[in-house]
Chemist: 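Have a look at the structure that comes next, please.
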Amino acid sequence: MRTSRLQLLAAAGVTIASLALTACQDGTGTRDEGASASQPVASAPSDAPSQAPEESASGSGGNGSTANGSTGSGGDTAGSGESGSGSGSGSKGSSAGKGSAPGGSDDAPARFNPCNGSNTSVSAAPVSRPVNHMLITVKNTGSKNCDLTYYPVLRFDEMQWVPQPVEESKPQAVVTLAPGESAYAGVLLSAADGSGSGGATGKKLTVGFQGRTPNSDGGPAAIPSLPAAGVYYDSSLTVTYWQSSTDDALTY
């Protein structure tokens, strides 16, 4: 009986020892669990710091790449520089364009539109003062400005000579008429002291117009009406340059 009880205790001790040994080997025991847990925990901190900088670096690089395009501080600086350069060159281009336009306008020749019988109405009437004078009036009846150059070319009937201009009456500039405006020329018909020769009475008067150059054709002539009795003239017949006022036209 005592022997059996000793055998049972011995068997139980062997069993307990076997279980303890098995527990240590298969990782289910308390000691083994602590050891296995300590190893991953020890390795995890060593991995975490090594990965964190890489992620931070890659994240920073990504932000830097994005910043180059739009938002990063370095990208903004570069972008600002490029934008400034573009703005400056654009401004210069615009300034050059503005500079070239006025130059073209200044260099362009002024448009010449002669006054003549097609765009004016012309009248010729003797005046009481000064004596032996006649006033020719030209009115712009067109819709555009027209230019009166030099002096009217006069011809009574079939006369074979051209009355000369009074050079002292030459104006500083061409007379330009806006629609509805008038210009004038004074005509000395004959010498007051009777010193002229070849006197005749004209029944028809033709008023010719000059172009841009002296004695050039300025377009259709005009034939204003004359008094029924006609107009007497002699070799003293002269005419002024075109004037802007009647006073200037009848001064000579």
Side-chain angles (χ1 to χ4, degrees), residues 112-142 144-252:
F112 176 71
N113 181 36
C115 300
N116 53 45
S118 68
N119 56 11
T120 64
S121 62
V122 181
S123 63
V127 295
S128 58
R129 290 284 187 273
V131 296
N132 301 337
H133 277 68
M134 181 173 68
L135 180 68
I136 297 175
T137 302
V138 175
K139 181 178 181 179
N140 183 356
T141 57
K144 300 178 181 179
N145 290 1
C146 68
D147 304 308
L148 283 168
T149 55
Y150 309 107
Y151 52 88
V153 179
L154 304 180
R155 183 184 183 188
F156 282 106
D157 300 320
E158 301 300 324
M159 65 187 298
Q160 299 301 310
W161 54 280
V162 178
Q164 295 302 300
V166 179
E167 290 298 336
E168 293 84 352
S169 67
K170 188 174 182 178
Q172 296 296 319
V174 172
V175 176
T176 299
L177 299 182
E181 291 184 340
S182 298
Y184 312 91
V187 180
L188 173 62
L189 294 169
S190 60
D193 57 6
S195 59
S197 60
T201 300
K203 298 290 186 178
K204 176 184 176 182
L205 174 65
T206 301
V207 178
F209 298 88
Q210 300 186 59
R212 190 183 288 273
T213 58
N215 301 316
S216 62
D217 185 8
I223 303 177
S225 299
L226 293 176
V231 174
Y232 179 82
Y233 66 92
D234 63 20
S235 60
S236 302
L237 182 64
T238 55
V239 61
T240 68
Y241 282 76
W242 291 111
Q243 307 292 325
S244 298
S245 69
T246 56
D247 290 341
D248 291 339
L250 296 175
T251 297
Y252 305 95

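Starting from 1, each residue takes its place in the sequence as its number. Values below: all heavy atoms of this structure, side chains included; hydrogens, waters and symmetry mates excluded. Since we're looking at a predicted model, the values are computed, not measured.
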Chemist: Test side chain to side chain contact (heavy atoms under 4.5 Å, CB included) on V187 and H133 and set out the steps.
Modeler: CA-CA 5 Å; V187 180; H133 277 68; over 6 Å; no
Chemist: Closest heavy-atom contact between L177 and N140?
Modeler: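 For L177 and N140, the tightest heavy-atom pair comes out as O-ND2, 3.0 Å.
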Chemist: Is any side-chain heavy atom of V231 closer than 4.5 Å to a side-chain heavy atom of L205?
Modeler: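 No; the side chains remain at least 4.5 Å from each other.
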Chemist: For residues 218-229, tabulate all N or O donor-acceptor pairs below 3.5 Å that involve a side-chain atom, not counting sequence neighbours.
Modeler:
none

Chemist: Is any side-chain heavy atom of N145 closer than 4.5 Å to a side-chain heavy atom of P179?
Modeler: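 Heavy-atom side-chain distance check passes, below 4.5 Å.
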Chemist: Checking E158 now: which residues fulfil salt bridge (Lys or Arg N to Asp or Glu O under 4.0 Å) with it, not counting sequence neighbours?
Modeler: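 Only R155 meet the salt bridge (Lys or Arg N to Asp or Glu O under 4.0 Å) criterion with E158.
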Chemist: Indicate the atoms forming the closest heavy-atom contact of K139 with G180, along with that distance.
Modeler: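 In this case the closest contact between K139 and G180 is CE-O, 3.5 Å.
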Chemist: In the structure I gave you, are the side-chain heavy atoms of I136 and L154 within less than 4.5 Å of one another anywhere?
Modeler: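 Side chain of I136 against side chain of L154, heavy atoms only: contact under 4.5 Å found.
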Chemist: Contact between S169 and D248 at the side-chain level, heavy atoms closer than 4.5 Å - yes or no?
Modeler: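 No; the side chains remain at least 4.5 Å from each other.
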Chemist: Short question: side chain of Y233, backbone of L188 - any donor-acceptor pair under 3.5 Å?
Modeler: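 The answer is no, because no donor-acceptor pair under 3.5 Å joins these two groups.
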Chemist: Can you give me the closest heavy-atom contact between P152 and W242, atom names plus distance?
Modeler: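 Nearest pair, atom of P152 first, then W242: CB-CZ2, 3.5 Å.
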Chemist: Donor-acceptor check, side chain of N119 to backbone of P114, threshold 3.5 angstrom: yes or no?
Modeler: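 Side chain of N119 to backbone of P114, a donor-acceptor pair under 3.5 Å: yes, one is there.
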Chemist: Give me the atom names and distance for the closest heavy-atom approach of S197 to D234.
Modeler: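 For S197 versus D234, the nearest heavy atoms are O-CB, 3.4 Å.
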Chemist: Could you walk me through whether F156 and L237 pass the side chain to side chain contact (heavy atoms under 4.5 Å, CB included) test, one step at a time?
Modeler: CA-CA 11 Å; F156 282 106; L237 182 64; 4.0 Å; yes
Chemist: May I ask you to decide if G186's main-chain N or O and T240's side chain share a donor-acceptor pair within less than 3.5 Å?
Modeler: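 Between the backbone of G186 and the side chain of T240 there is a qualifying donor-acceptor contact (under 3.5 Å).
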Chemist: Quick one: does D157's side chain have a donor or acceptor within less than 3.5 Å of a partner on K204's backbone?
Modeler: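 Flag set: sc D157 to bb K204 pair under 3.5 Å.
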Chemist: For S245 and D247, does a side-chain donor sit closer than 3.5 Å to a side-chain acceptor?
Modeler: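 D247 and S245 do not have a side-chain donor-acceptor pair below 3.5 Å.
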Chemist: Determine yes or no for a side-chain-to-main-chain donor-acceptor pair under 3.5 angstrom, with T149 supplying the side chain and Q210 the backbone.
Modeler: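 Side chain of T149 to backbone of Q210: a pair is present.
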Chemist: Could you point out which residue of Y252, Y241, F209, Y184 forms a ring pair (Phe, Tyr, Trp, His ring centres under 6.0 Å) with Y151?
Modeler: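 Of the listed residues Y252, Y241, F209, Y184, the ring pair (Phe, Tyr, Trp, His ring centres under 6.0 Å) partner of Y151 is Y241.
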Chemist: Mind listing the closest non-hydrogen atom pair of Y232 and L189 along with its distance?
Modeler: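 The pair with the smallest heavy-atom distance is O-CB, 3.4 Å.
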Chemist: Of all heavy-atom pairs between M134 and A124, which one has the smallest distance, and what is that distance?
Modeler: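 Looks like SD-CB, 4.1 Å.
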Chemist: Would you say the side chain of T251 lies within less than 4.5 Å of the side chain of Q243, judging by non-hydrogen atoms?
Modeler: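 With C-beta onward as the side chain, the pair stays apart.
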